[in-house]
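Right, one structure below, let's go through it.
When a residue number appears, it is its place in the shown sequence, counting from 1. Since the structure is predicted, the reported quantities are computational estimates derived from the model, not experimental observations.
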Amino acid sequence: MLTPTDLRTEYLTDPIGIDLRTPRLFWTCEGGISQTAYQILAQRGGETVWDTGKTPGAGMAGIAWDGPQLGSRELVEWSVRLWDEADRPGPWSTATFELGLLDSAEWLADWITGNYRPRRNRRYPVDCFRKGFTSAATPAVARLYITACGLYQASINGHRVGDFVIAPGFTSYDKRLHYQTYDVTDLIHQGENTLEIQLADGWFRGSIGAMGARNVYGRETKLLAQLEITTPDGVRRTIGTNKSWQWSDDGPIRFADMKDGEIVQLGRRPSYRGSARETSHPVVPSASNNVPVRERERFTPSITRTPSGKQLLDFGQNIAGYIELDIAARAADRLLIRFAEHLDDNGELDPSSAQVRAGKPTASPKQEVLLLCTDGVNHYKTSFAVFGFRYAEVDSDLALDPADVTAIAVYSDMAQTARFECSNHLVNRFVENTLWSMKSNFLDVPTDCPTRERAPWTGDLQIFTRTGSFLMDTSALLRKWLADLRDRQRADGRVPCLAPDVRNNEYIPGIDFIKRMDGAAGWADAAVLVPLRLYELYRDKEILRESYESMKAHVLFQIGRTDRTGLFAKPFPKPDRKYISNAGQAFGEWLEPKDVYAQKVPWDFIAPHPEVATAYLAYACGLMVEVAKLLGHDEDIPLYAEYHRGCTRAYVNQFTPIDTDRQSKLVRPLALGLLDGVEAEQAFTRLIASIERRDYRVGTGFLSTPLILPLLSRGGRTDIAYRMLENEQAPGWLHEVLMGATSVWEDWEGEASRNHYAPGSVCQWLFETVCGIDVSGENAFTIAPQPGGTMTYASFSYDSVFGTVASSWVRDGGTVKYRFTVPANTTARIRLPGGQVEDVHAGVWEYEENAFVRSE
């Protein structure tokens with residue numbers, strides 16, 4: 001029987017506290033071939049409020065709520081059953097969703113802060129707030145709605161509330177602020193109860209960005225919390241933050257910074273001798289409708305001694321997270337623990353590649369924890385900091401037992417949706433490294449690295465969105481991030497380099513250099529490319545609709561940079577000048593191998609990059625033609641089409657023929673579709689020659705690395721692509737694996753961050769070409785594997801929004817055998833290397849060379 005599985009509401013499983021009045025419902029299918037009809041039954045308080053009846057159709061993604069209007073706090077239980085290809089009904093499956101506070105007037109709590117006036121250059125201990133309350137009966141339902149400008153942790157009667165860590169996440173706090181909703185029914189008992197909340201600096205007031213800028217969003221951290229208790233007879237009581245709450249800042253955490261770490265006096269308790277001070281914040285909190293940040297994998301270290309005699313903990317995997325430990329000590333004992341990604345040549349901890357000094361006396365970030373012990377067994381777990389590390393160095397006379405120390409990976413709780421394996425163990429490890437770099441950098445927002453910058457760069461994400469969305473379910477998180485991007489987009493349409501803002505990389509004293517780079521080609525194009533890449537895999541038009549005005553504004557801004565001359569700008573002749581993007585500063589290709597091009601920061605960014613910018617404008621305009629058609633914005637198509645044609649023609653006129661061996665200069669116009677005919681053939685031939693002259697070593701930077709292997713395969717040279725991928729020389733993907741990497745390096749030389757997901761975007765080629773899986777439409781896939789290289793087998797399965805699709809192949813002597821799995825209620829077009837094309841329905845399909853063998 002056809003059974004609905006993986007029921008979700010707006011991509012979330014049984015969410016609590018969403019604020020969408022007409023949420024959409026999703027499911028996948030098992031146990032049949034196709035869905036011919038469905039029935040949704042929704043109940044509220046045991047009463048049926050929506051019954052679709054038997055509804056013909058195969059839709060199972062994004063079915064819009066069509067019941068009565070929903071209100072705040074409402075809990076809806078919804079069930080679905082399906083009819084299969086023989087018109088047989090299957091069993092019911094059930095899920096729930098609960099609405100949060102939908103109206104600003106329902107926030108009865110007041111904003112509160114610590115009872116002090118913060119100074120600009122001072123750092124403060126963690127604020128501790130407390131409220132005692134009496135419950136006349138055991139509650140039927142209790143919910144805590146809470147947010148902060150800063151980071152919070154809450155507990156009721158000594159038990160932690162929820163498992164969301166580093167809450168409430170990161171937004172542009174002056175534009176958007178997210179709250180969480182927790183079910184605390186089981187934490188409250190009849191009689192006296194206590195709610196305690198700690199408040200730390202976080203992204204709001206703490207050090208962020210490469211230079212460790214502080215007070216970016218304000219000096220006054222603040223808290224808003226509303227506890228609602230509903231008794232068995234239906235009476236709701238509200239306990240909100242206000243000036244009656246107790247406060248002190250003399251608790252155990254004497255210092256807490258997201259990047260620099262913590263200073264903790266273990267065993268200390270706050271006195272709560274003072275009172276909270278009421279304050280305000282101009283933004284009404286909204287639900288994030290996103291997955292939480294949670295503690296995930298745990299690692300036990302091996303412990304050795306460095307040459308200098310310090311204890312060295314090796315957790316075996318580079319992660320973003322923190323530690324938990326137990327240690328027997330005396331009151332006078334101290335432990336200083338420092339974290340880093342790698343060791344220096346002498347075997348000492350080396351934080352240098354993760355830190356920036358820029359003329360400052362101290363580096364950022366410090367990534368350290370200082371523990372001041374008490375008598376007896378001391379327990380510690382980091383509360384308000386996240387570090388990027390594989391190693392930890394302990395400076396103390398106390399000896400740690402490996403069994404008493406744990407490293408905890410911390411990241412947004414996205415489900416892993418990809419599983420890849422092949423006969424080349426180095427390739428397998430690189431895919432695993434890419435997954436770990438993704439986990440290390442998706443902490444409510446996507447960042448570049450978990451150490452030096454921890455900055456939400458637009459360029460890194462646009463490169464990686466498709467790869468990342470294969471690896472993990474990014475649907476909710478990246479929809480949230482696209483809202484962050486729109487919050488930061490300027491009124492003139494200019495897209496920032498960073499969203500939310502961290503005021504990063506002020507290379508020139510007194511000048512916010514990175515803000516001058518806003519609108520940079522390849523980075524700002526995230527406004528178009530991220531929602532489009534999400535649509536390609538999730539086939540959700542709503543993602544495009546939400547972002548369309550932002551996408552359009554970006555393109556119009558970039559069009560405004562054409563037909564320009566000025567300081568540092570290269571002159572171009574008419575009529576091409578009208579379509580050449582020749583204004584603004586940009587990063588260019590960024591981080592090509594140093595033996596190809598040694599980039600100089602910031603001098604390479606002073607002048608415009610018309611070749612890169614014109615290529616991306618042409619590409620973006622061509623994509624926007626298709627998006628406008630899809631969404632029915634026909635009025636916008638003529639302008640997009642004009643600049644797509646005009647920029648493409650101007651590019652060919654002004655930047656070809658291409659007389660260089662720099663792979664990026666050859667890859668870009670070919671991959672973005674700017675060349676055809678003789679120009680394309682010549683550039684492709686030159687590219688192959690340049691690759692061969694480099695002995696198949698990589699020569700691209702950030703923008704072109706994701707494009708080169710797919711381009712080679714489209715040009716019929718998958719053999720060259722395999723040789724580049726499997727090349728173990730430097731620079732190359734597998735070389736860093738041979739050097740012991742457990743995450744992806746930022747640069748090819750390994751001199752910068754050791755945990756950057758962007759170069760891992762090559763995994764897209766493994767998924768889409770080696771195993772050949774693509775989402776070609778709603779409920780539809782293309783499966784077109786291309787075996788090659790030294791690989792004797794490869795397999796890939798992907799938990800798509802339409803179900804799990806899989807492709808594998810194995811060489812058996814001189815024969816290649818294929819096995820494909822097509823999920824229920826979907827179809828697939830299978831393309832084999834010999835040219836055979838076959839359309840199939842759900843099931844397991846096996847082929848040998850180009851011959852069909854059997855199906856299940």
Side-chain angles (χ1 to χ4, degrees), residues 457-463 465 482 485-486 488-499 514-533 544 547-566 568-570 572 575-590 605-628 633 635-655 668-669 671-674 702-704 707:
W457 286 95
T458 52
D460 296 54
L461 183 61
Q462 76 87 355
I463 291 164
T465 294
L482 284 168
L485 182 72
R486 295 191 293 269
R488 286 272 290 115
Q489 190 169 11
R490 299 190 197 178
D492 62 2
R494 186 190 306 237
V495 173
C497 295
L498 302 153
I514 285 300
K515 286 189 176 179
R516 291 174 175 265
M517 306 295 290
D518 286 350
W523 273 252
D525 292 286
V528 170
L529 295 175
V530 173
L532 186 57
R533 299 299 180 239
L544 294 178
S547 290
Y548 182 77
E549 291 304 320
S550 169
M551 299 164 80
K552 177 180 177 179
H554 161 68
V555 168
L556 293 178
F557 174 81
Q558 296 295 356
I559 288 174
R561 284 185 157 182
T562 61
D563 199 13
R564 302 276 288 276
T565 60
F568 301 120
K570 178 183 176 181
F572 289 95
D576 288 338
R577 191 175 76 183
K578 178 181 178 182
Y579 298 103
I580 296 290
S581 180
N582 197 27
Q585 296 169 307
F587 298 98
E589 177 67 12
W590 186 248
F605 306 156
I606 298 297
H609 287 253
E611 181 265 320
V612 178
T614 303
Y616 271 91
L617 180 55
Y619 183 54
C621 286
L623 295 175
M624 288 300 290
V625 169
E626 301 307 314
V627 172
H633 291 285
E635 70 281 4
D636 295 332
I637 293 175
L639 181 65
Y640 300 149
E642 176 195 346
Y643 274 84
H644 173 62
R645 292 190 302 268
C647 293
T648 300
R649 183 175 59 250
Y651 186 97
V652 171
N653 291 343
Q654 298 301 322
F655 303 112
R668 184 164 25 257
L672 303 187
L674 306 182
F702 257 43
L703 292 181
S704 297
L707 307 176

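How far SG of Cys647 is from CG of Asp576: 10.0 Å, rounded to the nearest 0.5 Å. Distance check: Tyr640 OH to Ile559 CD1 gives 8.0 Å after rounding to the nearest 0.5 Å. To the nearest 0.5 Å, atoms CZ (Arg577) and CG (Asn582) are separated by 9.0 Å. Taking OG1 of Thr458 as the start and CG of Asp460 as the end, the distance is 8.0 Å to the nearest 0.5 Å. Rounding to the nearest 0.5 angstrom, the gap separating the CG atom in Leu556 from the CG atom in Asp492 is 11.0 Å. Atom CE of Met551 and atom CG of Leu623 lie 8.0 Å apart (nearest 0.5 Å).
Tyr616 has its side chain out of reach of Val528: every pair of non-hydrogen atoms, C-beta onward, lies at least 4.5 Å apart. Using a 4.5 Å cut-off on side-chain heavy atoms (C-beta onward), Leu532 and Thr465 make no contact. Contact check for Arg486 versus Leu482: side-chain heavy atoms found under the 4.5 Å cut-off. The shortest side-chain heavy-atom distance between Glu611 and Arg668 falls under the 4.5 Å cut-off. Contact of the Leu485 side chain with the Val530 side chain is not registered, since no non-hydrogen atoms from C-beta on lie closer than 4.5 Å. Using a 4.5 Å heavy-atom cutoff, the side chains of Trp457 and Phe702 are not in contact. Counting heavy atoms from C-beta outward, Pro669 and Phe655 have side chains that stay 4.5 Å or more apart. In this structure the side chain of Phe572 never reaches within 4.5 angstrom of the side chain of Lys578, judged on heavy atoms.
His644 and Cys621 make their closest contact through N-CB, 3.7 Å (heavy atoms, listed as atom of the first residue, atom of the second, distance). Counting all heavy atoms, side chain and backbone alike, Asp525 lies closest to Ala620 at OD1-CB, 3.9 Å. Residue Phe605 comes nearest to Ala586 through the heavy atom pair CD2-O, 3.3 Å, listed as atom of the first residue, atom of the second, then distance. Taking all atoms of both residues into account, the shortest heavy-atom contact from Leu674 to Thr648 is O-CG2, 3.5 Å. Between Ala527 and His554, the closest heavy-atom pair is CB-CB, 4.0 Å. Pro610 approaches Ile580 most closely through the heavy-atom pair CB-CG2, 4.0 Å.
A side-chain hydrogen bond (donor to acceptor under 3.5 Å, both in side chains) with Asp518 holds for exactly one of Arg490, Arg494, Gln585; it is Arg490. Looking at Arg645, Glu642, Arg649 one by one, the single match for side-chain hydrogen bond (donor to acceptor under 3.5 Å, both in side chains) with Tyr579 turns out to be Glu642.
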Give the intermediate values and the outcome of side chain to side chain contact (heavy atoms under 4.5 Å, CB included) for residues Leu672 and Tyr651. CA-CA 12 Å; Leu672 303 187; Tyr651 186 97; over 6 Å; no
Start with the C-alpha gap between Thr562 and Tyr643, add the side-chain angles, then the distance that decides, and say whether side chain to side chain contact (heavy atoms under 4.5 Å, CB included) holds. CA-CA 10 Å; Thr562 61; Tyr643 274 84; 4.0 Å; yes
Given Gln462 and Leu703, is the side chain to side chain contact (heavy atoms under 4.5 Å, CB included) satisfied, shown in steps? CA-CA 9 Å; Gln462 76 87 355; Leu703 292 181; 3.8 Å; yes
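If you check the side chains of Glu589 and Ser704, you find a donor sitting under 3.5 Å from an acceptor.
Aromatic ring pairs are classed by plane angle as parallel below 30°, tilted from 30° to 60° and perpendicular above 60°; the pair Trp590 and Phe587 is perpendicular.
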